[in-house]
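Comments concern the structure below.
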Amino acid sequence: MSMRAIRWLVPLFMTSILCGQQSAGGPPQPANWTAAEDHQNMMDQLGIKALRPGPSGTETAPNHANYDETTANPFPILPDALKLKNGKRVTIAAMWWNQRRPEIVEDFEREVLGRVPKNVPKVTWTVTNTVTAMVGSRAVVGKQLVGHVDNSSYPAINVDIQMTLVTPADATGPVPVMMMFGGGGLPGVAPANGKGNGKNRPPPAAGADPPATQQLIADGWGYASINPGSIQADNGAGLTKGIIGLVNKSKPRKPDDWGSLRAWAWGAARGLDYLETDKAVDAKRVGIEGVSRYGKAALVTMAFDTRFAVVLVGSSGEGGAKLHRRNWGEAVENLTGTGEYHWMAGNFLKYGASEATFGSKNAGDLPVDAHELIALCAPRLTFISYGVPEEGDAKWLDHQGSYMAAVAAGPVFRLLGAKDLGTSDDYNKEKMPAVNVSMLDGQLAWRQHDGGHTDGPNWKYFIPWADKFLKRP
Ligand code: GCU
């Protein structure tokens with residue numbers, strides 16, 4: 001037998017012993033393997049022998065990431081968001097919706113984020129608890145919700161999506177709602193783990209903004225908190241479990257199967273399905289928010305589900321609003337490592353491969369880049385938020401690279417009748433504005449606040465901006 005044949009047979013053998021293990025007398029049990037084993041399986045499926053190591057986030061390390069702007073743009077030409085694969089320019093909105101957008105979606109699904117399978121089972125939502133409480137000085141109604149995924153096809157994996165919904169009690173009609181990725185409990189209710197509830201949290205420091213939840217309620221919004229871990233684990237070992245594992249009956253992913261970012265976005269979309277049925281909610285004005293890895297997830301949610309009206313993308317960095325093609329801070333080679341690859345489609349590993357049967361690829365070979373993920377949100381309200389490195393929003397995130405992506409997404413917003421950042425389209429020349437300078441005149445918006453790795457300080461700018469464009473009284 002040739003070496004090549006052995007290489008292909010070993011993963012198949014591993015797969016059969018690791019998956020669908022039969023417990024004595026019971027139903028098959030989900031596979032228990034480590035992130036390293038799952039990662040290796042995907043490399044084997046793709047014929048990848050070696051991946052380039054990612055740069056270090058520690059600036060004193062010898063292999064630290066690049067922070068030299070003169071070498072930050074090794075691939076200065078981005079894929080053209082408004083050019084069809086056949087070379088034709090996209091000049092009218094219909095060409096975007098019918099031709100170019102589907103091309104970009106397909107590239108993201110196949111190579112970057114993975115596809116949501118066609119046969120994901122149905123989710124049934126139940127209200128398990130309703131409370132009244134105060135948020136700030138306003139009375140609210142809080143609902144604890146559970147979205148149970150039909151697991152009759154593979155009972156060994158149970159997925160119960162946890163979400164809370166909080167709306168002002170005195171609302172005279174349906175209210176807009178910001179859905180946030182997080183584990184927020186009900187106001188005034190101690191969580192079962194006894195770790196304290198919102199009430200026990202120290203009050204914000206003098207002069208600090210009230211929490212986002214309080215600002216939203218005060219402005220007449222509601223908020224929902226959806227727990228990403230209840231949809232899909234945040235690690236590679238979890239890929240044979242959660243919603244991804246349930247659909248695959250605990251078999252490993254195929255190279256174009258969804259990763260955790262897409263799974264979290266799918267869960268948020270199911271949360272929106274519920275909100276569409278709740279009379280307290282104005283389902284045409286539902287937004288999605290997240291920070292860091294959940295900032296990436298918020299952007300992915302908005303990009304793929306056009307029912308979401310607005311997004312607040314907090315400090316999302318590589319895999320989020322930051323250009324993969326930039327050589328600054330976190331890189332494609334970090335996303336392809338065992339700690340982060342689960343966010344992405346398996347196929348994404350190809351772009352970090354140094355040795356593979358198909359040769360080696362890099363960021364410059366990606367068919368799409370972050371500006372096109374932002375463009376998929378157009379013309380809906382898209383607010384890209386960052387903080388500053390001095391306060392902990394690390395250089396690693398590449399603020400400038402995200403700004404360039406937002407600039408490069410601009411032409412798509414304009415084509416669809418929305419306003420972009422109002423800059424030139426020359427993304428290589430545009431420098432991000434100074435800290436605390438708002439660019440909030442359009443449906444595409446940018447603001448770098450002077451705080452850390454949070455979107456907290458930007459909420460007071462986000463809410464009036466969203467109100468204005470959502471035409472709230
Ligand atoms: C790491 C990772 C980022 C991620 C962040 C987080 O810094 O490199 O990509 O966004 O963790 O989510 O906390």
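In each ligand, atom 1 is the first atom listed, and ligand 1 is the first ligand listed.
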Problem - Which of the ligand 1 atoms, numbered from 1, are nearer than 4.0 Å to a heavy atom of K296 - result: 3 (C), 4 (C), 9 (O), 10 (O)
Problem - Any donor-acceptor N or O pair under 3.5 Å, side chains D455, S385 - result: no
Problem - Nearest-contact summary for atom 11 (O) of ligand 1 - protein heavy atom, Å - result: R293 NH2, 3.1 Å
Exercise for the section: Give me the one residue out of Y461, F462, Y403, W465 that meets ring pair (Phe, Tyr, Trp, His ring centres under 6.0 Å) with W446. Expected result: Y403
Completion exercise
Heavy-atom proximity to atom 1 (C) of ligand 1, picking from E340, K322, E318, points to E340
Problem - W343: numbered ligand 1 atoms lying under 4.0 Å from its heavy atoms - result: 4 (C), 9 (O)
Practice task
Give a yes or no on whether a salt bridge exists between K460 and D219, defined as a side-chain N under 4.0 angstrom from a carboxylate O.
Solution key: no
Handout entry: Check: W396 N/O within less than 3.5 Å of ligand 1 N/O
Key = yes
Practice task
Check the pair V310, F469 against side chain to side chain contact (heavy atoms under 4.5 Å, CB included), reporting the backbone distance first and the verdict last.
Solution key: CA-CA 10 Å; V310 49; F469 284 104; over 6 Å; no
Practice task
Taking the six-membered ring for Trp and the full ring for Phe, Tyr or His, determine whether the centres of F304 and W266 are under 6.0 Å apart.
Solution key: no
Exercise for the section: Could you tell me whether some N/O pair between E330 and ligand 1 is separated by less than 3.5 angstrom? Expected result: yes
Problem - Nearest neighbour of atom 5 (C) of ligand 1 from the list G290, G314, S292, on a heavy-atom basis - result: S292
Practice task
Report the distance from atom CZ of F108 to atom CD of E103, rounding to the nearest 0.5 Å.
Solution key: 13.0 Å
